[in-house]
**Student:** 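Would you mind keeping the following structure in view while I ask a few things?
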Amino acid sequence: QVQLVESGGGLVQAGGSLRLSCTASGRTFSSYTMGWFRQAPGKEREFVARISPSGALRDYVDAVKGRFTISRDNGKNTVYLQMNSLKPEDMAVYYCARSSTWSIYPYEYPYWGQGTQVTVSS
């Protein structure tokens, strides 16, 4: 059973930074696309960023381009999301997820972490 465990969320002022981490169990981490998604109250879960198995490809939703950076360390089975210049509209529960496909759609990610809350005060 694959387990994904996120950490690094918290409360930050607008303009501040946070780094989220997601560590996966198992030996095949380097074979999968990893994604970050977020869900704000009353809204659907949305794609934030994805990274290919080797880390060579990265992709972001337009709203975070230039502010967020996704990266991975396959030796540590960990994917990161560096979030800079945070805005109140970034406030949400952030989830990491694993997929066998290069996708932005939540339904194509069968494995999910429990989520970590990011709160941005204005």
Side-chain angles (χ1 to χ4, degrees):
Q1 182 72 10
V2 175
Q3 289 190 323
L4 303 175
V5 179
E6 300 105 334
S7 62
L11 173 64
V12 64
Q13 288 189 330
S17 298
L18 284 174
R19 188 176 84 152
L20 306 183
S21 300
C22 170
T23 300
S25 63
R27 302 180 182 178
T28 57
F29 179 78
S30 61
S31 299
Y32 296 95
T33 292
M34 296 299 297
W36 285 99
F37 294 78
R38 64 187 180 187
Q39 188 166 19
K43 295 188 176 181
E44 293 190 354
R45 194 167 297 189
E46 67 169 353
F47 165 77
V48 175
R50 58 181 170 169
I51 188 167
S52 62
S54 69
L57 297 177
R58 308 179 193 199
D59 186 32
Y60 303 90
V61 68
D62 285 348
V64 308
K65 283 180 180 177
R67 300 189 298 120
F68 289 13
T69 302
I70 189 171
S71 61
R72 68 191 296 162
D73 184 336
N74 286 340
K76 295 182 178 180
N77 279 17
T78 300
V79 61
Y80 305 97
L81 187 67
Q82 177 66 44
M83 305 186 295
N84 299 329
S85 302
L86 281 160
K87 303 176 180 180
E89 52 263 44
D90 294 319
M91 187 161 57
V93 178
Y94 283 71
Y95 298 89
C96 69
R98 191 188 91 172
S99 178
S100 299
T101 63
W102 182 242
S103 175
I104 65 170
Y105 300 107
Y107 65 84
E108 293 193 303
Y109 286 75
Y111 296 102
W112 292 81
Q114 82 286 355
T116 186
Q117 176 71 47
V118 171
T119 302
V120 184
S121 63
S122 56

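Below, all heavy atoms of this structure are taken into account, side chains as well, without hydrogens, waters or symmetry copies. Not measured: the values here are computed from a predicted model.
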**Student:** Which pair of non-hydrogen atoms, one from Ala14 and one from Ser122, has the smallest distance, and what is that distance?
**Tutor:** CB-CA, 4.3 Å
**Student:** Got a sec, which residues hit side-chain hydrogen bond (donor to acceptor under 3.5 Å, both in side chains) with Ser99, two or more places apart in sequence or on another chain?
**Tutor:**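 Only Thr101 meet the side-chain hydrogen bond (donor to acceptor under 3.5 Å, both in side chains) criterion with Ser99.
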**Student:** Below 30° counts as parallel, above 60° as perpendicular, anything between as tilted: where do the rings of Tyr109 and Phe37 land?
**Tutor:** perpendicular
**Student:** Identify, with sequence neighbours excluded, every residue that meets side-chain contact (heavy atoms from CB on, under 4.5 Å) alongside Ile104.
**Tutor:** Phe47, Arg50, Asp59
**Student:** Apart from Leu11 itself, which Ile, Leu, Val, Met, Phe, Trp or Tyr residues share its cluster (side-chain heavy atoms under 4.5 Å, direct or through members)?
**Tutor:** none
**Student:** Hey, mind stepping through Leu20 and Glu6 against side chain to side chain contact (heavy atoms under 4.5 Å, CB included) and telling me if it holds?
**Tutor:** CA-CA 7 Å; Leu20 306 183; Glu6 300 105 334; over 6 Å; no
**Student:** Is there a donor-acceptor contact under 3.5 Å from the side chain of Ser25 to the main chain of Gln3?
**Tutor:** yes
**Student:** For the CG atom of Leu81 and the OG1 atom of Thr116, what is their distance to the nearest 0.5 Å?
**Tutor:** 11.0 Å
**Student:** Looking at residues at least two apart in the chain, or sitting in another chain, which of them share a side-chain hydrogen bond (donor to acceptor under 3.5 Å, both in side chains) with Ser103?
**Tutor:** Glu108
**Student:** Can you tell me how far the OG1 atom of Thr69 sits from the CE atom of Met83, to the nearest 0.5 Å?
**Tutor:** 11.0 Å
**Student:** side-chain contact (heavy atoms from CB on, under 4.5 Å) with Thr23: which residues, sequence neighbours excluded?
**Tutor:** Thr78
**Student:** So do the side chains of Thr28 and Arg98 get within less than 4.5 Å of each other, counting heavy atoms only?
**Tutor:** yes
**Student:** Mind checking whether Trp36 and Val79 have side chains closer than 4.5 Å, heavy atoms only?
**Tutor:**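 Answer yes - side chains close enough.
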**Student:** Could you list all the salt bridge (charged side-chain N to carboxylate O under 4.0 Å, His left out) pairs where at least one residue sits in residues 21-37, not counting sequence neighbours?
**Tutor:**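 Found none.
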**Student:** Looking at every non-hydrogen atom in both residues, tell me the closest pair between Leu4 and Ala24 and how far apart they are.
**Tutor:** CD2-CB, 3.3 Å
**Student:** Restricting to salt bridge (charged side-chain N to carboxylate O under 4.0 Å, His left out), what partner residues turn up for Glu89, sequence neighbours left out?
**Tutor:**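 Scan of Glu89 (salt bridge (charged side-chain N to carboxylate O under 4.0 Å, His left out), adjacent residues dropped) gives none.
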**Student:** Atom CD1 of Ile51 and atom SG of Cys96: how far apart are they, to the nearest 0.5 Å?
**Tutor:** 12.5 Å
**Student:** For Asp73, check salt bridge (charged side-chain N to carboxylate O under 4.0 Å, His left out) against everything at least two apart and list the hits.
**Tutor:** none
**Student:** First locate atom CD1 of Ile70, then atom CG of Leu57, and finally report the distance between them rounded to the nearest 0.5 Å.
**Tutor:** 11.5 Å
**Student:** Hey, mind stepping through Arg38 and Val118 against side chain to side chain contact (heavy atoms under 4.5 Å, CB included) and telling me if it holds?
**Tutor:** CA-CA 9 Å; Arg38 64 187 180 187; Val118 171; over 6 Å; no
**Student:** Suppose we screen for side-chain contact (heavy atoms from CB on, under 4.5 Å). Which residues come up paired with Gln39, at least two apart in sequence or across chains?
**Tutor:**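 Scan of Gln39 (side-chain contact (heavy atoms from CB on, under 4.5 Å), adjacent residues dropped) gives Arg45, Tyr95.
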**Student:** Stepwise, does the side chain to side chain contact (heavy atoms under 4.5 Å, CB included) test hold for Arg19 with Tyr80?
**Tutor:** CA-CA 7 Å; Arg19 188 176 84 152; Tyr80 305 97; 3.7 Å; yes
**Student:** Membership question, hydrophobic clusters at under 4.5 Å side-chain separation (ILVMFWY): are Val93 and Met91 in the same one?
**Tutor:** no
**Student:** Under 4.5 Å between side-chain heavy atoms, hopping through other hydrophobics if needed: is there a path connecting Phe29 to Trp102?
**Tutor:** no
**Student:** Does Ser100 have any side-chain contact (heavy atoms from CB on, under 4.5 Å) partners at least two apart in sequence or in another chain, and if so, which?
**Tutor:**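 Only Tyr32 meet the side-chain contact (heavy atoms from CB on, under 4.5 Å) criterion with Ser100.
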**Student:** Could I get the full list of salt bridge (charged side-chain N to carboxylate O under 4.0 Å, His left out) partners for Arg67, not counting sequence neighbours?
**Tutor:**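 Only Asp90 meet the salt bridge (charged side-chain N to carboxylate O under 4.0 Å, His left out) criterion with Arg67.
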**Student:** What's the shortest heavy-atom distance between Leu18 and Val12, and which atoms?
**Tutor:** CD1-CG1, 4.0 Å
**Student:** Could you check if a side-chain atom of Pro53 sits within less than 4.5 angstrom of a side-chain atom of Thr33, using non-hydrogen atoms only?
**Tutor:**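 They are in side-chain contact.
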**Student:** Let me check something: do Tyr60 and Tyr105 share a hydrophobic cluster, defined by ILVMFWY side-chain heavy atoms less than 4.5 Å apart, either directly or through other members?
**Tutor:** yes
**Student:** Who are the salt bridge (charged side-chain N to carboxylate O under 4.0 Å, His left out) partners of Lys65, not counting sequence neighbours?
**Tutor:** Asp62
**Student:** Using every non-hydrogen atom in the two residues, find where Gly26 and Asn77 come nearest and quote the distance to one decimal.
**Tutor:** O-ND2, 2.7 Å
